[in-house]
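In what follows, a structure is listed as structure tokens, so that the remarks can point back to it.
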There are 2 protein chains.
Amino acid sequence: MLISEFARATDLPVDTIRFYISKGLLKPERSAKGGSNPYQTFRREDVTAARMIRLQQTLGYSLGEILALNEEYRAGEQSCERTIAVLQKQIARLEERKAALDAALSFLHGKVNWIKAGKRDDAPRLEDYQC
Amino acid sequence: MLISEFARATDLPVDTIRFYISKGLLKPERSAKGGSNPYQTFRREDVTAARMIRLQQTLGYSLGEILALNEEYRAGEQSCERTIAVLQKQIARLEERKAALDAALSFLHGKVNWIKAGKRDDAPRLEDYQC
DNA sequence: TATAAGTATGGAGTGTAGTCTATAGTCAAG
DNA sequence: CTTGACTATAGACTACACTCCATACTTATA
């Protein structure tokens with residue numbers, strides 16, 4: 001797969017793909033198709049990696065953290081324990097964010113209910129809510 | 001409340017507070033205590049506002065979006081319908097993020113379970129998972 | 001074989017969200 | 001009334017995540 005197809009497959013701009021490569025987040029092959037092909041070749045696992053990056057990003061990880069996590073994951077590929085440890089670490093982080101999200105949601109729902117009940121001024125205040 | 005107390009109350013650096021003021025996210029009073037006090041005075045509602053900013057930020061809003069949302073909220077303060085509309089909009093966004101988060105969590109949990117079962121290579125792949 | 005479209009590289013530029021520095025004015029304690 | 005802590009303002013600087021540009025090479029098409 002050439003970079004333009006890869007861009008279509010991942011819905012990422014070509015420049016962003018090259019940027020990720022420069023950061024070590026993507027590692028396409030510089031394959032020799034027939035002998036001397038100077039172009040990068042992307043595989044299905046690169047598409048997976050790109051999706052994983054997008055996912056981790058929406059979950060609040062920086063590119064630096066994503067790189068570290070993924071290298072840790074790769075480093076521990078021989079050992080199930082290490083792989084599981086990396087996954088558990090991500091799970092813990094996501095559970096944390098989910099808890100914050102749920103707290104915010106219940107605050108907002110509560111506020112809506114009070115306003116609907118016509119008791120706007122008695123509605124829960126952010127002051128009384130520990131984030 | 002002076003800015004240093006406010007910084008302690010909100011756990012924000014003084015520079016960040018001033019930055020938020022410059023963006024219109026915080027609007028402390030330039031009160032005349034006794035006649036000519038050139039310092040800004042922060043109230044309890046400013047602490048609330050600062051917490052709300054932090055909350056919205058962890059939920060993925062940019063400062064620009066936060067400003068727009070909060071101004072929309074203020075603009076609709078007379079009308080319960082408009083206030084509720086703003087709150088519902090935030091709720092919708094948070095529910096969306098929560099769904100993405102849950103999908104990611106079940107993917108990760110699934111992966112852990114497959115690895116624990118010793119069937120690592122048969123574990124679910126991100127390819128088969130729509131984010 | 002000319003031409004257009006695609007690819008690679010390096011480096012400059014952009015927007016966001018701060019963070020720091022320099023300068024100057026203010027206030028409270030000794 | 002000086003010293004030290006605090007405050008205000010403007011502007012420079014930083015980190016991050018892109019995004020764009022100039023240049024040059026490669027490949028497919030007419």
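Throughout, a chain's letter reflects where its sequence line sits, starting with A, and its residues are numbered from 1. Just the heavy atoms: all of them, side chains too, but no hydrogens, waters or symmetry mates, feed the values below.
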Rounded interatomic separation in angstrom, taking [atom1] from [X] and [atom2] from [N]:
X       : N      : atom1 : atom2 : answer
A/Leu12 : D/dT19 : CG    : C1'   : 13 Å
A/Ile53 : D/dC18 : CD1   : C1'   : 13 Å
A/Leu25 : D/dC18 : CG    : C1'   : 13 Å
B/Tyr39 : D/dC6  : OH    : P     : 11 Å
A/Ile3  : D/dC25 : CD1   : P     : 19 Å
A/Phe6  : C/dT7  : CZ    : P     : 13 Å
B/Ile21 : C/dG18 : CD1   : P     : 14 Å
B/Lys23 : C/dA17 : NZ    : C1'   : 8 Å

*Please work out which residues in residues 13-20 of chain B have a non-hydrogen atom less than 4.0 Å from an atom of DNA chain C and list them by number.*
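When residues 13-20 of chain B is checked for heavy atoms under 4.0 Å from DNA chain C, the hits, listed by number, are B/Pro13, B/Asp15, B/Thr16, B/Phe19, B/Tyr20.
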*In residues 59-69 of chain A, which residues come under 4.0 Å of DNA chain C by heavy atom?*
none
*Can you tell which of B/Leu26, B/Thr41, B/Val14 makes a side-chain contact (heavy atoms from CB on, under 4.5 Å) with B/Phe6?*
B/Leu26
_Selection from C/dA8, D/dC18, D/dT7 that lies nearest to any side-chain heavy atom of A/Arg54_ = D/dC18
*Closest to side chain of A/Ser4, choosing from C/dT7, D/dA8, C/dT9*: C/dT7
Please find the pair of heavy atoms, one from [X] and one from [Y], that lie closest to each other, and give the distance.
X        : Y       : result
B/Gly60  : B/Glu65 : O-OE1, 4.0 Å
A/Leu2   : A/Phe42 : C-CD1, 4.0 Å
A/Ile66  : A/Ile53 : CD1-O, 3.8 Å
A/Arg43  : A/Lys27 : NH2-O, 2.9 Å
A/Lys116 : B/Ile84 : CG-CD1, 3.6 Å
A/Gln40  : A/Pro28 : OE1-CG, 3.4 Å

*Describe the nucleic acid contact of A/Gln57 in one word from base, sugar-phosphate, nothing, applying a heavy-atom distance below 4.0 Å.*
sugar-phosphate
_For the backbone of A/Gly76 and the side chain of A/Thr83, can you confirm whether one donor and one acceptor N or O come within less than 3.5 Å of each other?_
yes
*asked:* Any donor-acceptor pair under 3.5 Å linking the side-chain atoms of A/Arg54 with those of A/Gln57?
replied: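 There is such a pair between these side chains.
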